[in-house]
Number of protein chains: 2
Amino acid sequence: MFDNKEKTEIAALGEFGLISHLTKNFKLLDHTSVKGIGDDAAVMDFAGKKTLISTDLLLEGVHFDLAYVPLKHLGFKAVQVNLSDIYAMNGTTSQITFSIGISSKFPLEAVEELYQGVMLACQQYKVDLVGGDTSASKQGLVISVTSIGYADEADVVYRNTAGEGDLICVSGDLGGAYVGLQLLEREKQVYLSNPNIQPDLEGKDYIVERQLKPEARGDIIDILKELKIKPTSMIDVSDGLASEILHICTQSNKGCSLYEEKIPIDPMTYETAREFGLDPTVCALSGGEDYELLFTIKQDDYEKIRYNADISIIGHITEASAGCNLVSKSGNVHELKAQGWNAFMK
Amino acid sequence: MFDNKEKTEIAALGEFGLISHLTKNFKLLDHTSVKGIGDDAAVMDFAGKKTLISTDLLLEGVHFDLAYVPLKHLGFKAVQVNLSDIYAMNGTTSQITFSIGISSKFPLEAVEELYQGVMLACQQYKVDLVGGDTSASKQGLVISVTSIGYADEADVVYRNTAGEGDLICVSGDLGGAYVGLQLLEREKQVYLSNPNIQPDLEGKDYIVERQLKPEARGDIIDILKELKIKPTSMIDVSDGLASEILHICTQSNKGCSLYEEKIPIDPMTYETAREFGLDPTVCALSGGEDYELLFTIKQDDYEKIRYNADISIIGHITEASAGCNLVSKSGNVHELKAQGWNAFMK
């Protein structure tokens with residue numbers, strides 16, 4: 001994962017030396033960033049706009065497995081996961097704080113790789129790293145990310161404002177991150193039983209990338225602005241489509257009908273799921289970690305969006321009493337559940 | 001630490017159920033809080049003021065020992081430690097996010113106790129809990145806190161703006177948290193060797209509280225506003241006086257003279273340090289965790305502050321070439337070092 005020939009003990013730098021070393025190449029670029037790392041707190045100026053804030057905690061052994069996640073990818077992904085929440089408010093991302101707890105077994109070069117991923121994310125999404133905390137950890141690697149963004153009051157989109165008849169849309173495709181994880185888990189087991197066997201990920205780049213290097217859909221927010229569409233509700237897909245649409249419906253006090261045939265699933269996701277004996281639709285509904293945006297729009301906005309290749313219309317919002325349902329390809333109606341596995345496997 | 005008779009498995013609630021259960025009694029009170037928990041991100045409106053943000057990561061076995069830290073105190077302290085950074089910018093605190101990673105051995109009642117401490121801190125400091133993340137942890141307890149605050153541009157105080165001749169001031173008294181920790185560590189060892197011996201903390205309430213339940217000095221920020229004093233630089237004392245004044249001097253490119261006899265040390269801290277064979281001044285310089293405010297003021301502000309019982313003037317800023325020094329009670333000059341132990345023990 002990192003070159004074992006070069007190992008620098010973190011203790012040699014000390015906490016302040018480590019922070020300074022890791023962050024010295026992060027320059028402030030966003031116009032809302034006034035003061036970044038190096039004081040008690042960062043200072044931002046949002047000039048009357050609403051400030052958005054979101055935070056995630058990622059723990060080794062729970063959210064990631066260092067056996068197959070390269071540290072650079074992990075740094076990149078940790079930032080993406082968190083930026084995704086700001087986009088899900090229809091906001092513009094502007095700053096992050098990034099904190100780590102690291103065990104003494106981690107050499108400096110490993111932490112540098114992690115921060116290279118953070119920097120890549122900052123550059124690609126034009127966000128500033130403005131703070132964080134660096135600590136020794138007696139347990140595994142701990143990562144905490146907080147994202148800050150902003151939006152005009154009129155532009156903020158909540159989860160609880162979906163209206164009856166609204167169209168349900170989702171960006172990109174779903175299920176890939178979950179199927180990619182199955183692939184990585186399988187190769188890890190093969191490797192553990194025989195370290196001489198090389199991982200067989202040939203031709204599976206897309207779904208492996210969906211798992212290891214997801215990209216938060218800030219571009220969809222830009223597209224919606226260009227199309228002059230303000231979603232009536234929005235959430236990001238971190239826990240799977242079923243769980244997310246249930247959040248929107250519950251908080252909006254509405255029901256929904258999703259159509260299985262409309263759910264966007266990449267062919268590679270589909271084929272690989274089948275190889276594993278998994279139902280691709282279930283992977284999309286319950287797999288999670290896709291970090292696509294799930295949103296509802298007014299029917300009047302249908303024409304603006306119908307030919308957009310990046311956005312699929314997968315159903316519509318109903319009255320609450322109709323419940324939350326999936327219409328299968330064969331026309332059967334299934335009640336949606338947050339843990340969709342049982343609902344479909346039986 | 002919690003009543004073992006009542007134990008509810010967290011798994012029974014699920015992640016969303018747990019968040020909802022723990023946070024349902026937190027009401028938004030600050031006028032800048034627009035939307036709190038329950039969406040992808042919190043929404044705040046600072047109406048043109050500068051936004052301040054600070055974050056801390058606290059790990060079991062590194063930052064706290066559950067053997068002697070009651071969970072309610074831990075929740076309270078985790079918030080204090082982080083609010084302290086916003087005060088150190090001369091800001092007003094307004095929101096926090098609070099994230100936890102918990103192992104399955106933690107029953108719901110234990111997490112509730114932790115959140116009771118968070119709520120107490122929110123109520124006492126009038127800040128809103130607006131977000132967080134709740135995760136399973138395969139390691140120990142992990143806590144991540146982010147504080148948000150605000151200030152007028154003209155009021156923000158940085159670390160790098162101390163001027164030559166400025167007076168160095170500190171709030172409250174120092175060293176107590178460190179000596180309190182020694183006391184708790186000793187009683188833990190006694191308990192481990194014989195669980196029938198009750199802890200002997202008789203008459204030591206003040207220093208035990210300094211360690212277990214520190215209070216961030218938002219009141220000092222109010223006092224300075226009333227006195228119409230804007231500090232020329234400020235930092236909070238988390239790592240000990242020596243480390244903090246060196247931060248101010250290094251970043252301001254200045255030196256300093258501190259006077260040992262002026263450093264405020266509570267009599268109980270002094271006596272208990274002596275019982276442990278420790279130099280009370282070293283405890284103040286290097287102990288840390290006092291969460292007092294260290295700041296510099298112009299000499300013109302001397303008359304406004306000289307009789308304030310909560311603020312001590314302990315030295316002055318010099319030109320950089322004079323170095324950073326402590327003048328001992330006997331008149332000897334010692335160079336200040338961030339790890340002050342060796343400098344004084346030799």
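Numbered from 1 within each chain, the chains take letters A, B, ... in sequence-line order. Bear in mind the structure is a predicted one, so any value in this text is a computation, not a measurement.
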Enquirer: Counting heavy-atom pairs closer than 4.5 Å to chain B, which one of A:Ile148, A:Leu58, A:Val62 comes out on top?
Expert: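 The option with the most such pairs is A:Val62.
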Enquirer: Which bit of A:Thr55 is near chain B, if near means a heavy-atom gap under 4.5 Å: side chain, backbone, both or neither?
Expert: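 For A:Thr55, heavy atoms of backbone and side chain both lie under 4.5 Å from chain B.
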Enquirer: Heavy-atom cut-off 4.5 Å, strictly under: side chain, backbone, both or neither for B:Asn82 against chain A?
Expert: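 Neither part.
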Enquirer: For A:Thr146, is it the side chain, the backbone, both or neither that has a heavy atom under 4.5 Å from a heavy atom of chain B?
Expert: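 Answer is side chain: those atoms of A:Thr146 sit under 4.5 Å from chain B.
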Enquirer: Report the relative orientation of the aromatic rings in A:Phe98 and A:Tyr115; use parallel for angles under 30°, tilted for 30 to 60°, perpendicular for over 60°.
Expert: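 It falls in the perpendicular class, over 60°.
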Enquirer: Between A:Ser84, A:Gly149, A:Ser135, A:Gly131, which shows the greatest number of heavy-atom pairs under 4.5 Å with chain B?
Expert: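 That would be A:Ser135.
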Enquirer: For the interface with chain B, which of A:Ser238, A:Ala136, A:Gly101 has the highest count of heavy-atom pairs at distances below 4.5 Å?
Expert: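 Highest number of heavy-atom pairs under 4.5 Å: A:Ala136.
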Enquirer: Does any backbone or side-chain atom of A:Ala42 lie under 4.5 Å from a heavy atom of chain B? Answer side chain, backbone, both or neither.
Expert: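 Both the backbone and the side chain of A:Ala42 come within 4.5 Å of chain B.
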Enquirer: Which bit of A:Glu153 comes within less than 4.5 Å of chain B, counting heavy atoms only: side chain, backbone, both or neither?
Expert: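 Neither; nothing under 4.5 Å.
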Enquirer: Do A:Thr32 and A:Tyr150 have a side chain donor and acceptor closer than 3.5 Å?
Expert: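 Not at all, the side chains of A:Thr32 and A:Tyr150 share no donor-acceptor pair under 3.5 Å.
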Enquirer: Chain A heavy atoms under 4.5 Å from B:Gln251: which part of the residue, side chain, backbone, both or neither?
Expert: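 Contact with chain A involves the side chain of B:Gln251 alone.
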Enquirer: Can you tell which of A:Leu52, A:Thr134, A:Leu57 has the highest number of heavy-atom pairs within less than 4.5 Å of chain B?
Expert: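 Among the listed options, the one with the most contacts to chain B is A:Leu57.
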Enquirer: Could you measure the distance from the OG atom of A:Ser137 to the NZ atom of A:Lys105? Nearest 0.5 Å is fine.
Expert: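 So the gap between those two atoms works out to 9.0 Å.
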Enquirer: OG1 of A:Thr97 to CG of A:Leu129: how many Å apart, nearest 0.5 Å?
Expert: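 Going from the OG1 atom of A:Thr97 to the CG atom of A:Leu129 covers 8.0 Å.
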Enquirer: Between A:Val43 and chain B, which part of the residue has a heavy atom less than 4.5 Å away: side chain, backbone, both or neither?
Expert: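 A:Val43 touches chain B through backbone and side-chain heavy atoms alike.
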Enquirer: Given B:Ser33, which of B:Asp45, B:Leu28, B:Val127 fulfils the side chain to side chain contact (heavy atoms under 4.5 Å, CB included) condition?
Expert: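 It is B:Leu28; the other options fail the test.
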Enquirer: Does any heavy atom of chain A fall under 4.5 Å from the side chain of B:Ser243, the backbone, both, or neither of them?
Expert: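 Only the side chain of B:Ser243 comes within 4.5 Å of chain A.
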Enquirer: State the NZ-CZ distance between A:Lys49 and B:Phe46, to the nearest 0.5 angstrom.
Expert: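 Nearest 0.5 Å value for the NZ-CZ distance: 16.0 Å.
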Enquirer: Go through B:Lys77 and B:Glu289 one step at a time and tell me if the salt bridge (Lys or Arg N to Asp or Glu O under 4.0 Å) criterion holds.
Expert: CA-CA 10 Å; B:Lys77 180 171 176 174; B:Glu289 292 207 278; 2.9 Å; yes
Enquirer: Heavy-atom count around A:Lys188 NZ within 6.0 Å, excluding the residue itself: above 12?
Expert: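 Atom NZ in A:Lys188 is crowded, with more than 12 foreign heavy atoms closer than 6.0 Å.
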Enquirer: If you count heavy-atom pairs within less than 4.5 Å of chain B, which of A:His247, A:Met89, A:Lys35 leads?
Expert: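 Most pairs with chain B among the choices: A:Met89.
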Enquirer: Could you go step by step and tell me if A:Asp40 and B:Arg159 meet the salt bridge (Lys or Arg N to Asp or Glu O under 4.0 Å) rule?
Expert: CA-CA 8 Å; A:Asp40 295 283; B:Arg159 292 178 180 176; 3.2 Å; yes
